[in-house]
Amino acid sequence: AQSVTQLDSHVSVSEGTPVLLRCNYSSSYSPSLFWYVQHPNKGLQLLLKYTSAATLVKGINGFEAEFKKSETSFHLTKPSAHMSDAAEYFCVVSGYGMRFGAGTRLTVKP
Amino acid sequence: DTGVSQDPRHKITKRGQNVTFRCDPISEHNRLYWYRQTLGQGPEFLTYFQNEAQLEKSRLLSDRFSAERPKGSFSTLEIQRTEQGDSAMYLCASSTGQFEGGYTFGSGTRLTVV
């Protein structure tokens with residue numbers, strides 16, 4: 001069975017500093033992995049996806065994630081946080097029905 | 001608008017009443033999914049359809065819950081004899097059926113059981 005674990009429930013950064021949101025996955029086969037973002041009172045939006053091509057995946061709004069099979073990780077990063085990045089972020093593994101992590105709330109301080 | 005539509009956006013109901021939600025997926029998507037999201041949690045998978053066939057149901061989907069997709073287009077999720085624990089955001093998503101594609105989510109239906 002596939003699952004993901006988001007290692008931090010809350011991350012706080014200052015505007016202009018790097019963002020790191022951590023995700024470990026468990027899968028019995030080579031997974032497809034995704035990051036979604038959910039802004040308050042908004043729907044879920046796909047940030048990026050890994051589907052066994054390049055291990056470094058670039059997404060929207062300057063985010064990227066690196067698939068590391070040896071570490072079973074798929075961490076989300078951004079070089080410089082913006083106030084508009086404040087949201088809930090979900091790491092997701094595919095299967096018959098995508099399985100979501102519990103989420104990481106990102107706070108960006110001015 | 002070619003996105004996933006859900007109706008209603010909000011529903012307040014008394015405990016014990018039945019409620020039904022509707023989801024209209026992207027027209028060319030043959031897969032449709034229902035999720036439930038409670039405050040502070042990630043979405044939890046409930047069930048999914050490929051065309052009109054319901055292919056998987058989570059153990060979270062008790063016998064009070066039923067979902068249909070009669071013509072392989074829109075879907076309905078019904079909750080009978082609602083309980084306060086059913087209060088949540090119910091999300092619908094659709095996809096082309098390729099795991100690699102990711103899903104397109106609707107804005108959800110927020111259910112409050114009082």
Side-chain angles (χ1 to χ4, degrees), chain A residues 1-10 21 23-25 27-54 57 59-60 63 65 67 74 76 87-106, chain B residues 1-7 9-10 23-26 29-50 53-61 67 75 77 88-110:
Chain A
Q2 292 99 285
S3 66
V4 290
T5 301
Q6 292 184 244
L7 301 175
D8 307 290
S9 60
H10 185 209
L21 306 183
C23 172
N24 286 352
Y25 71 89
S27 178
S28 53
Y29 51 85
S30 184
S32 292
L33 293 160
F34 307 80
W35 277 96
Y36 278 82
V37 61
Q38 188 174 38
H39 288 91
N41 300 314
K42 296 282 183 66
L44 286 155
Q45 181 183 20
L46 179 65
L47 271 182
L48 51 79
K49 60 186 178 185
Y50 165 75
T51 57
S52 75
V57 181
I60 62 172
F63 284 94
F67 175 74
F74 189 57
L76 181 71
E88 190 85 19
Y89 291 80
F90 295 99
C91 182
V92 185
V93 62
S94 71
Y96 287 103
M98 297 170 85
R99 268 53 178 184
F100 282 71
T104 298
R105 179 167 299 278
L106 176 64
Chain B
D1 184 12
T2 58
V4 176
S5 299
Q6 291 189 246
D7 183 68
R9 292 294 301 273
H10 303 276
C23 172
D24 287 88
I26 293 173
H29 285 182
N30 60 359
R31 288 198 175 189
L32 185 148
Y33 311 83
W34 284 100
Y35 284 80
R36 180 174 69 187
Q37 185 177 21
T38 54
L39 199 61
Q41 299 296 316
E44 297 171 297
F45 170 76
L46 292 178
T47 188
Y48 95 96
F49 293 83
Q50 179 159 322
Q54 188 173 19
L55 296 186
E56 187 181 357
K57 293 195 295 185
S58 163
R59 66 183 184 278
L60 294 174
L61 213 65
S75 176
L77 177 68
M89 178 74 84
Y90 290 84
L91 296 166
C92 176
S94 68
S95 76
T96 59
Q98 299 299 317
F99 293 145
E100 299 80 3
Y103 297 3
T104 301
F105 280 86
S107 297
T109 294
R110 182 170 295 283

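Below, read A as the first sequence line, B as the second, and so on, with proteins coming before strands; counting in each chain starts at 1.
For Phe105(B), the ring-ring contact (aromatic ring centres under 6.0 Å, His included) partners are Tyr36(A), Phe100(A), Tyr35(B), not counting sequence neighbours. Under the rule for a side-chain contact (heavy atoms from CB on, under 4.5 Å), the partners of Thr5(A) that lie at least two apart in sequence or sit in another chain are Leu7(A).
Between chain A and the residues Ala93(B), Gly42(B), Pro43(B), the largest count of heavy-atom pairs under 4.5 Å involves Pro43(B).
Contact of Leu91(B) with chain A is made through the side chain alone, with heavy-atom distances under 4.5 Å. Neither the backbone nor the side chain of Gln45(A) comes within contact range of chain B; no heavy atom of the residue lies under 4.5 Å from a heavy atom of that chain.
Phe90(A) and Gln37(B) get closest at one heavy-atom pair: CZ-NE2, 3.4 Å.
Within a 6.0 Å sphere centred on CD1 of Ile60(A), heavy atoms belonging to other residues, nucleotides or ligands number more than 12.
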